[in-house]
*Asks:* 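My structure is below; once you've seen it, I'll send some questions.
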Number of protein chains: 2
Amino acid sequence: MTQEVLSELDLTSLLSLSFSTSINELHDRLSELGFGDIRPVHGFMFKCITPNGSTGVELAEYLGITKQAVSKMVDYLEKCGYVIRKDHPTDKRGKIIVLTERGWLVVKAKEKILTEIEQRWIEKIGTQRLQMLKEDLTILVYEGNEDRLPTRLRPVW
Amino acid sequence: MTQEVLSELDLTSLLSLSFSTSINELHDRLSELGFGDIRPVHGFMFKCITPNGSTGVELAEYLGITKQAVSKMVDYLEKCGYVIRKDHPTDKRGKIIVLTERGWLVVKAKEKILTEIEQRWIEKIGTQRLQMLKEDLTILVYEGNEDRLPTRLRPVW
DNA sequence: AAAAAGTGGTCAATCAAGTTGACTATATTT
DNA sequence: AAATATAGTCAACTTGATTGACCACTTTTT
């Protein structure tokens with residue numbers, strides 16, 4: 001696929017390809033660091049867990065999946081050593097899911113890699129253009145979801 | 001989720017959200033037109049099928065999935081009336097998958113809706129900024145995949 | 001020309017990640 | 001105190017992918 005082909009793409013396809021380009025690079029590099037058992041959805045989960053932990057229901061709402069699915073994902077992440085369930089301080093029914101030390105390692109690694117990717121993009125298109133890109137995407141996401149917040153505004157792919 | 005929250009997001013999350021914003025709107029509107037049985041992946045499939053049809057192996061390569069998975073998807077789309085399998089003109093092992101009349105209807109509808117979405121975005125950020133956005137994304141996709149084309153450059157989400 | 005290796009497509013079994021429904025324990029409302 | 005709602009888990013099922021086996025046909029090798 002050449003640049004000519006790419007430039008004929010509609011914006012939606014371009015967004016899809018640029019997202020997968022960047023998420024693929026992120027997870028390739030996490031794999032090299034020994035975090036090969038982390039999948040993209042876990043990144044969004046960690047976003048909701050940090051910095052103070054999160055309940056299962058909150059995660060389900062944030063990710064747009066059922067609490068049962070969250071429960072399975074937490075089983076997996078707990079088995080892999082990234083999170084643990086703690087008793088909720090005030091609600092005896094609830095648990096709060098918090099990062100372990102290893103969990104924090106992967107979050108820090110993720111941030112570092114994303115910053116590096118963004119830095120490389122700045123080298124390609126310049127600080128100003130990257131700033132504009134981010135502003136414009138923010139506007140598009142905001143305007144495109146205006147009337148149906150918050151249920152439809154989730155990281156889904 | 002407010003615009004403030006959005007503006008704190010890293011570029012990767014922003015790309016994810018803007019892609020899902022636009023793909024969600026596309027499929028909501030296709031549903032309203034009676035094409036509720038079409039899912040996002042089918043759009044990328046149609047891209048490869050048009051205009052001259054495509055073999056299963058080509059589709060599998062393009063989409064980055066196995067030929068068995070393609071075969072099942074084609075079963076589904078054939079059942080729904082969007083495509084048909086024809087004998088390959090020169091290779092008696094092969095089939096070519098082509099769009100039916102209904103298949104063309106959905107492709108045309110998709111293009112119309114994507115153009116309208118893009119038009120609305122022009123109203124928000126202007127022709128110039130949209131043009132820059134597309135150019136920049138094209139550069140990012142191209143540069144980000146330079147050394148591993150074509151296997152990693154696929155519409156995946 | 002015959003034999004060997006490769007390719008396009010499908011069938012079957014399995015896996016992964018989600019779903020719905022049922023249930024327990026605890027909280028909240030009436 | 002009783003009724004209702006909520007947080008989390010277990011089990012069964014669905015969906016969309018996978019791997020492996022296979023047939024029919026094509027291409028390459030000998």
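None of these values were measured; they are calculated from a predicted model. Chain A is the first sequence line, chain B the second, and so forth, proteins listed ahead of strands; every chain is numbered from 1.
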*Asks:* Starting at the 5' end of DNA chain D and moving along, which residue's nearest nucleotide shows up first, A:K72 or B:D91?
*Replies:*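 The answer here is A:K72.
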*Asks:* Indicate yes or no for a side-chain donor-acceptor contact from A:H42 to the backbone of A:R39 under 3.5 Å, with no hydrogens or angles considered.
*Replies:* yes
*Asks:* Write down the distance between CD1 (A:I38) and P (C:dA17), rounded to a whole number of angstrom.
*Replies:*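 Distance check: A:I38 CD1 to C:dA17 P gives 12 Å.
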*Asks:* Is any side-chain N or O of A:S71 closer than 4.0 Å to OP1 or OP2 of D:dT9?
*Replies:* yes
*Asks:* Atom CG of B:D75 and atom P of C:dA12: how far apart are they, to the nearest Å?
*Replies:* 12 Å
*Asks:* Could you tell me the separation between the NE2 atom of A:H42 and the C1' atom of C:dG18, rounded to a whole number of Å?
*Replies:* 13 Å
*Asks:* Check this one for me: any side-chain N or O of B:T66 less than 4.0 Å away from OP1 or OP2 of D:dT18?
*Replies:*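 The answer is yes; a side-chain N or O of B:T66 sits under 4.0 Å from OP1 or OP2.
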*Asks:* What is the separation between atom OH on A:Y76 and atom C1' on C:dG18, rounded to the nearest whole Å?
*Replies:* 16 Å
*Asks:* Rounded to whole angstroms, how far apart are CZ on B:R85 and P on C:dG8?
*Replies:*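 Whole-Å distance recorded here is 16 Å.
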*Asks:* Has the side chain of B:R93 got a donor or acceptor that lies under 3.5 Å from a partner of the other kind on the base of D:dT26?
*Replies:*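 Flag unset: no donor-acceptor pair detected.
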*Asks:* What is the nucleic acid contact for A:K92, judged by heavy atoms within less than 4.0 Å: base, sugar-phosphate only, or nothing?
*Replies:*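 Sugar-phosphate, backbone atoms only, no base.
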*Asks:* Quick check for you: among D:dT18, D:dG8, C:dG18, whose closest atom lies nearest to any side-chain atom of A:M73?
*Replies:* C:dG18
*Asks:* Out of A:I84, A:V106, A:L105, which residue meets the side-chain contact (heavy atoms from CB on, under 4.5 Å) rule with A:T100?
*Replies:* A:I84
*Asks:* Using 0.5 Å steps for rounding, measure from the CG atom of A:D136 to the CD atom of A:Q131.
*Replies:*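 Rounded to the nearest 0.5 Å, the CG-CD separation comes out at 10.0 Å.
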*Asks:* Any donor-acceptor pair under 3.5 Å between the side chain of B:K95 and the base of C:dG8?
*Replies:*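 Answer no: no donor N or O sits under 3.5 Å from an acceptor.
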*Asks:* With a 4.0 Å cutoff (strictly under), does any side-chain N or O of B:R39 reach OP1 or OP2 of D:dT15?
*Replies:*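 For D:dT15, neither OP1 nor OP2 has a side-chain N or O of B:R39 closer than 4.0 Å.
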*Asks:* Name the residue closer to the 5' end of DNA chain D, choosing between B:Q68 and A:I97 according to the nucleotide with the nearest heavy atom.
*Replies:*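 Whichever sits nearer the 5' end wins; that is A:I97.
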*Asks:* Find the distance B:L63:CG to D:dG16:C1' and express it as a whole number of Å.
*Replies:* 13 Å
*Asks:* In whole angstrom, what separates A:I65's CD1 from D:dT9's P?
*Replies:*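 Rounded to whole Å, this separation is 13 Å.
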*Asks:* Nearest whole Å is fine: how far is C:dG8 P from B:D87 CG?
*Replies:* 16 Å
*Asks:* Parallel under 30°, tilted from 30 to 60°, perpendicular over 60°: which one fits the rings of A:F46 and A:Y82?
*Replies:* tilted
*Asks:* Out of C:dG8, D:dA7, D:dT18, which has the shortest distance to the side chain of A:K67?
*Replies:*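 Minimum distance to the A:K67 side chain belongs to D:dA7.
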*Asks:* Would you check, one step at a time, whether the test side-chain contact (heavy atoms from CB on, under 4.5 Å) holds for B:D10 with A:K47?
*Replies:* CA-CA 11 Å; B:D10 60 89; A:K47 251 188 147 77; 3.0 Å; yes
